[in-house]
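Right, one structure below, let's go through it.
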Amino acid sequence: MKRREFLTTAAVAGVAAGAGAAPALAQEKVGTIGVAIPSATHGFMGGLNFHAQDTIKRLQQVYPQLDFVLATAGNAGKMVNDIEDMVATRNISALVVLPFESEPLTSPVQAVKEAGIWVTVVDRGLSVEGIEDLYVAGDNPGFGRVAGEYFAQNLESGKKIVVLRGIPTTLDNERVEAFTAAIDGSGIEVLDMQHGNWNRDDAFNVMQDFLSKYPQIDAVWAADDDMAIGAMEAIAQAGRTEEMWVMGGAGMKEIIRRIADGDPQLPANVTYPPAQISTAIELTALKLVSSTPVSGRFIIGSQLVTPENAEQFYFPDSPF
């Protein structure tokens, strides 16, 4: 989805150029933006890391009066340490954070806010509402709802499904609640739900467990393209590929290509762009260099991808 995502960030950059044109000419430093995100441990985060680095590089040219510090973490504990270090040693004026997990990051981010620092939360919300000044994310309830509606429309009453959840976070809860509501009354039976942590290996293991426990599975909501790949590997090893189809999510180019080619195991997908981090960083920069109002919620809608429209969402040069 590279083209669509860059259109979004370009539009924001255009606003930035207009609203912050005068301050951008000044060389005196006006602040430092700290960016704390998870490491590139899977496809979506790889794309998100790419867009974070690319946006910071670009904004350093647009806003020479701003400094940026980027830290990536493979676990919640390191992310907490990274944020505390940004406050203590870099004197950040604003924090852009995609929490590794909601609960462990809530108190540390709240402490940042209480220190008078602007806070932008991306994607995974905190476990307490209202801490952040700005929230930027894909449409998580929409992500689950669109997937659930597809299942309800394409499976008969009595069909059996399994669900792979992500990392325990508020966004995962929002997705699953919306998916469950969308299939309510359809007669679809949810056999099991387990956390695959948006990880191929974890999803492989969870799917192996599902396959050993349930002789009939008609479809899988993997809720993430990396998890979909792990689940499909387990299904293939069990020799049950013909029995069930799989829906992931986020628009990984490998998955979109297979949908466009009419792969019966992958009939559809739901978008969730990793370039949302670009929107978050750009809006935060606008806050520091101009009087542009940017507080509140910025939600990027989810769209259903099918063989009929998949080519619109396939960009082979995309990092994800």
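No experiment lies behind these values; they were computed from the predicted model shown.
Atoms CD1 and CD, on Ile281 and Gln53 in that order, are 10.0 Å from each other to the nearest 0.5 Å. Between atom OG1 of residue Thr279 and atom CG of residue Leu134 there is a gap of 10.0 Å, rounded to the nearest 0.5 Å. Rounding to the nearest 0.5 angstrom, the gap separating the CZ atom in Phe320 from the NZ atom in Lys253 is 10.5 Å. The line from CD of Gln312 to OG1 of Thr306 is 9.0 Å long, rounded to the nearest 0.5 Å. Taking CD1 of Ile229 as the reference point, atom CG of Leu266 lies at 8.5 Å (rounded to 0.5 Å). Of the inter-residue distances, the one linking Met86 atom CE with Ile83 atom CD1 reads 6.5 Å to the nearest 0.5 angstrom.
Looking only at atom types and distance, the side chain of Gln303 has no donor-acceptor partner in the side chain of Thr271 under 3.5 Å away. A donor atom on one side chain and an acceptor atom on the other are not found under 3.5 Å apart for Tyr272 and Asp224.
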Exercise for review: Show the numbers, then the answer: is there a salt bridge (charged side-chain N to carboxylate O under 4.0 Å, His left out) between Asp226 and Arg200?
Suggested key: CA-CA 5 Å; Asp226 276 289; Arg200 294 188 190 191; 2.6 Å; yes
**Study point:** Derivation of the side chain to side chain contact (heavy atoms under 4.5 Å, CB included) call for Lys160 and Ile217
**Key:** CA-CA 5 Å; Lys160 303 177 187 296; Ile217 301 174; 5.8 Å; no
Exercise for review: Would you sort out whether Val162 and Met207 count as a side chain to side chain contact (heavy atoms under 4.5 Å, CB included), showing the intermediate values?
Suggested key: CA-CA 9 Å; Val162 292; Met207 194 67 215; 4.1 Å; yes
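No chain of hydrophobic side-chain contacts below 4.5 Å, direct or via other Ile, Leu, Val, Met, Phe, Trp or Tyr residues, connects Leu95 to Leu288.
Contact between Phe151 and Ala219 at its shortest, heavy atoms only, is CE2-CB, 3.8 Å. Summarising the geometry of Met244 relative to Gln265, their closest heavy-atom pair is O-CG, 3.9 Å, with the distance given to 0.1 Å. Between Gly249 and Asp225, the closest heavy-atom pair is N-OD1, 2.8 Å.
The pair Glu311-Arg257 meets the salt-bridge criterion, since a charged nitrogen lies less than 4.0 angstrom from a carboxylate oxygen.
Residues Met79 and Val97 have side chains in contact (heavy-atom distance under 4.5 Å, counting atoms from C-beta outward). The shortest side-chain heavy-atom distance between Phe100 and Asp82 does not fall under the 4.5 Å cut-off. Side-chain contact between Trp245 and Leu155 is present, with heavy atoms from C-beta onward closer than 4.5 Å. Counting heavy atoms from C-beta outward, Asp133 and Thr120 have side chains that stay 4.5 Å or more apart.
Shown here are the side chain to side chain donor-acceptor pair (under 3.5 Å) partners of Arg240, two or more places apart in sequence or in another chain: Glu243.
Put simply, the residue from Val69, Ile33, Asp67 that forms a side-chain contact (heavy atoms from CB on, under 4.5 Å) with Ile92 is Val69.
In summary, the aromatic rings of Trp198 and Phe44 are positioned with their centroids too far apart to meet the 6.0 Å limit.
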